[in-house]
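I have placed the structure first, in the form of structure tokens, so that the comments after it can refer back to it.
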Amino acid sequence: MASDTLTVTDNRTGNSFELEINDGTVRAMDFRQMKASDDDFGLMTYDPAYTNTAACRSGVTYLDGEGGVLRYGGYPIEQLAEHSTFPEVAYLLYHGELPSASALESWNAELKSAAIVDPSIKAIISSFNRDAHPMGMLQAVVAALGTLHPESKEFTPEGELRDSIALIAKTATVGAWAYRHNTGQELLDPDPDLSYAANLLYMMFGDKDVDPRLEKALDVLLILHADHEQNCSTTAMRGVGSSDADAFASASSAIGALYGPLHGGANEAVLGVLNRIGTKDKVEGFVEKVKNREELLMGFGHRVYKNYDPRATIIKAAADDVFEVTGVNPLLEVAKALEATALEDDFFVSRKLYPNVDFYSGLIYEALGIPTEMFTVMFAVGRMPGWAAQWREMRNDKEQKIARPRQVYVGPDERDYAGVDAR
Ligand code: ACO
């Protein structure tokens, strides 16, 4: 019978080693016993950008990139988007189970009470330039929230839950305040009578009477963004959190990682691309530029998905519901033509490049009246439950230590310092 081991022969020495295979992985540390000589430190694995490294064991989210499958806590994303709500999904991610009716009621009540943000934060927001990017404000202010919660440096299960609820609730308030500051309007406190999604829209636009179809569409967008296993920003959350930095400092780092256009910032960049293309007849010319490496097709491609991103399918359907209320965004036609052209072109087909979550989300945000610079903030609000759940999981995993990768040194050998006149 085949055994779950890997036999490796080190041809430098002729020594053979038998490594255990568990869950389709071998332990990188098992290679350290393979030494070319006695004073050798042993082999390391080299994996820039962690393309083939499992850095943790996680039970939060299942992702099959080849099959285009995404599940939170075992539940298909399609079912959650149709039947659940964002706060309920946040509970599922954090606790690993869907809540009972009474647990959901108290979870919602806790989120509503935690959404209130200390008035001193308003002064910080007001001190930013009027045109400051809202992601920069969000990142700074989430870090600043930690200064109001010194107790978050003492880690207990109750404290981890308290800080996670605070982050999930307050990010919406702070994100909306960043928008209000950009537009020179009074910063509105949350209204506990509104749902999470309706409250977010209210704190941005000052209107409590939201069309339920728009409220549902935003709730679905938040659900779709709520977690995506070990992506760049979650890795930042876990990595910074692994040094025992508090939850707010860790979440602030995750927001910084999300800001980049290769990650969450892609939703903002997609709209830039669609606006530049402008009309359907310009699509082919743009695709040629992508193939000539003059442009990236933002909102396409994914490190893990080599198939249609299931979130993009759900977003496309949600877009139709939104446009029923708001009228069709003319850029939708450009986006659909761009997708169709790309999916027929061998450049994209051979590289398995499909639309990702960001390709269509911006069109919905725009229809909801949300300006482009706020798109990534909406993503951050949605992703906060995932960051919190992954952070808590990391903190309670006995195998996790401070994240500290190794390097292959390629700099100069030892040399003597020479004074400036001798150089
Ligand atoms: N447009 C054009 N070519 C692309 C694109 C794209 N969007 N994405 C990948 N490629 C090409 C690469 O040039 C490369 O081609 P080559 O092998 O001939 O050199 C090949 O496809 C493989 O791409 P990599 O860059 O190796 O893939 P990687 O896993 O490192 O990158 C990433 C993934 C960053 C998402 C990339 O696809 C990309 O830049 N996409 C555009 C930005 C984007 O939409 N980001 C959002 C991702 S989803 C999220 O974070 C929520």
### Task
Look at atom OH of Y409 and say whether more than 12 heavy atoms of other residues, nucleotides or ligands are closer to it than 6.0 Å.
yes
#### Entry: Cation over ring face, R351 and F347, 6.0 Å, 45°
yes
### Stepwise ring pair (Phe, Tyr, Trp, His ring centres under 6.0 Å) check, F300 with F359
CA-CA 7 Å; F300 255 68; F359 193 66; 5.2 Å; yes
### Query
Would you call the rings of Y365 and F375 parallel, tilted or perpendicular if under 30° counts as parallel and over 60° as perpendicular?
tilted
### Query
Is the shortest side-chain N to carboxylate O distance from D320 to R213 below 4.0 Å?
no
### Task
Keeping the roles fixed (side chain from N292, backbone from E294), state whether a donor-acceptor pair exists under 3.5 Å.
no
### Task
Check whether any side-chain heavy atom of L167 lies under 4.5 Å from a side-chain heavy atom of R162, and answer yes or no.
no
### Task
Give the intermediate values and the outcome of ring pair (Phe, Tyr, Trp, His ring centres under 6.0 Å) for residues H149 and F248.
CA-CA 9 Å; H149 297 282; F248 300 94; 5.3 Å; yes
### Task
May I ask you to decide whether E186 forms a salt bridge with R180, counting only side-chain N to carboxylate O separations under 4.0 Å?
no
### Message
Please determine whether side-chain contact (heavy atoms from CB on, under 4.5 Å) holds for the pair M378 and M204, giving the CA-CA distance in whole Å, both sets of side-chain angles, and the decisive distance to 0.1 Å.
### Response
CA-CA 11 Å; M378 306 306 283; M204 290 176 71; 4.3 Å; yes
### Query
Taking all non-hydrogen atoms of both residues, which atom of R130 and which atom of G184 are closest, and how far apart?
NH1-CA, 3.6 Å
### Query
If you count the non-hydrogen atoms of other residues, nucleotides and ligands that lie under 6.0 Å from CG in D207, is the total more than 12?
yes
### Task
Please confirm whether the backbone N or O of V349 pairs with a side-chain atom of D346, one donor and one acceptor, at under 3.5 Å?
no
### Donor-acceptor under 3.5 Å (T376 side chain, Y259 main chain)
no
### Smallest separation among heavy atoms of P134 and A178, with atom names
CB-CB, 3.8 Å
### Message
For F155, does the six-membered ring have the charged nitrogen or CZ of R395 within the cation-pi criterion, i.e. under 6.0 angstrom from the centroid and within 45° of the normal?
### Response
yes
### Query
Between N129 and A132, is there a donor-acceptor pair closer than 3.5 Å when you use the side chain of the first and the backbone of the second?
no
#### Entry: Under 3.5 Å side-chain donor-acceptor pair for Q230 and Q390
yes
### Message
I'd like to know if the side chain of S253 reaches the main chain of A249, judged simply by a donor and an acceptor atom lying under 3.5 Å from each other, with no hydrogens or angles considered.
### Response
yes
### Task
Begin from the C-alpha positions of T341 and F286 and carry the test side-chain contact (heavy atoms from CB on, under 4.5 Å) through to its verdict.
CA-CA 10 Å; T341 308; F286 178 81; over 6 Å; no
### Task
Please say which of V377, N182, V174 ends up in a side-chain contact (heavy atoms from CB on, under 4.5 Å) with M137.
N182
### Message
If you count heavy atoms of other groups shown closer than 6.0 angstrom to CZ of R27, is the number above 12?
### Response
no
### Query
Is the shortest heavy-atom distance from the side chain of D163 to the side chain of D246 under 4.5 Å?
no
### Query
Is the closest side-chain donor-acceptor distance between S233 and W387 under 3.5 Å?
yes
### Task
Please report the C-alpha distance between I77 and I223 in whole Å, then the side-chain angles of each, then the deciding distance to 0.1 Å, and finally whether the side-chain contact (heavy atoms from CB on, under 4.5 Å) criterion is met.
CA-CA 8 Å; I77 190 68; I223 290 173; 4.2 Å; yes
### Query
Would you say the side chains of S195 and E215 form a donor-acceptor pair under 3.5 Å?
yes
### Message
Please check: side-chain N/O of D309 versus main-chain N/O of V357, any donor-acceptor pairing under 3.5 Å?
### Response
yes
### Query
salt bridge (charged side-chain N to carboxylate O under 4.0 Å, His left out) between E393 and R57: does it pass, once the steps are laid out?
CA-CA 9 Å; E393 188 181 60; R57 301 171 74 82; over 6 Å; no
### Query
Taking everything shown except Q33 itself, do over 12 heavy atoms lie less than 6.0 Å from its CD?
yes
#### Entry: N-O pairing of D321 and K216 below 4.0 Å
no
### Message
For Y94, does the six-membered ring have the charged nitrogen or CZ of R392 within the cation-pi criterion, i.e. under 6.0 angstrom from the centroid and within 45° of the normal?
### Response
yes
### Task
Let me see the working for E78 and R71 under salt bridge (charged side-chain N to carboxylate O under 4.0 Å, His left out), right down to the final yes or no.
CA-CA 9 Å; E78 293 79 5; R71 297 182 205 128; over 6 Å; no
#### Entry: NZ (K352) with more than 12 external heavy atoms under 6.0 Å
no
### Message
side-chain hydrogen bond (donor to acceptor under 3.5 Å, both in side chains), that's the test. Do T279 and D281 meet it? Break it down for me.
### Response
CA-CA 6 Å; T279 50; D281 55 308; 2.6 Å; yes
### Query
D30 versus F17: any side-chain heavy-atom pair under 4.5 Å?
no
### Message
Run the side-chain contact (heavy atoms from CB on, under 4.5 Å) test on F86 and V220 for me, step by step, so that the C-alpha distance in whole Å, both residues' side-chain angles and the decisive distance to 0.1 Å come before the verdict.
### Response
CA-CA 7 Å; F86 177 64; V220 167; over 6 Å; no
### Query
Around E333, counting heavy atoms of other residues, nucleotides and ligands shown, do more than 12 lie under 6.0 Å from its CD?
yes
### Query
Which heavy-atom pair separates K170 from I116 by the least distance, and what is that distance?
NZ-O, 2.9 Å
### Summary
Residues S84 and D219: closest non-hydrogen pair is O-OD2, 3.9 Å
### Message
I'd like to know if the side chain of K289 reaches the main chain of E295, judged simply by a donor and an acceptor atom lying under 3.5 Å from each other, with no hydrogens or angles considered.
### Response
no
### Task
Give a yes or no on whether K306 atom NZ has more than 12 heavy-atom contacts from other residues, nucleotides or ligands under 6.0 Å away.
yes
### Between T53 and D47: side-chain donor-acceptor atoms closer than 3.5 Å
yes
### Residue from Y305, Y72, Y62 passing ring-ring contact (aromatic ring centres under 6.0 Å, His included) with H228
Y305
### Query
Would a line drawn from the ring center of Y179 to the ring center of F205 be shorter than 6.0 Å?
yes
### Residues, nucleotides or ligands: over 12 heavy atoms within 6.0 Å of E288 CD
yes
### Message
Could you tell me if E88 and N108 have a donor-acceptor pair between their side chains, going purely by distance under 3.5 Å?
### Response
no
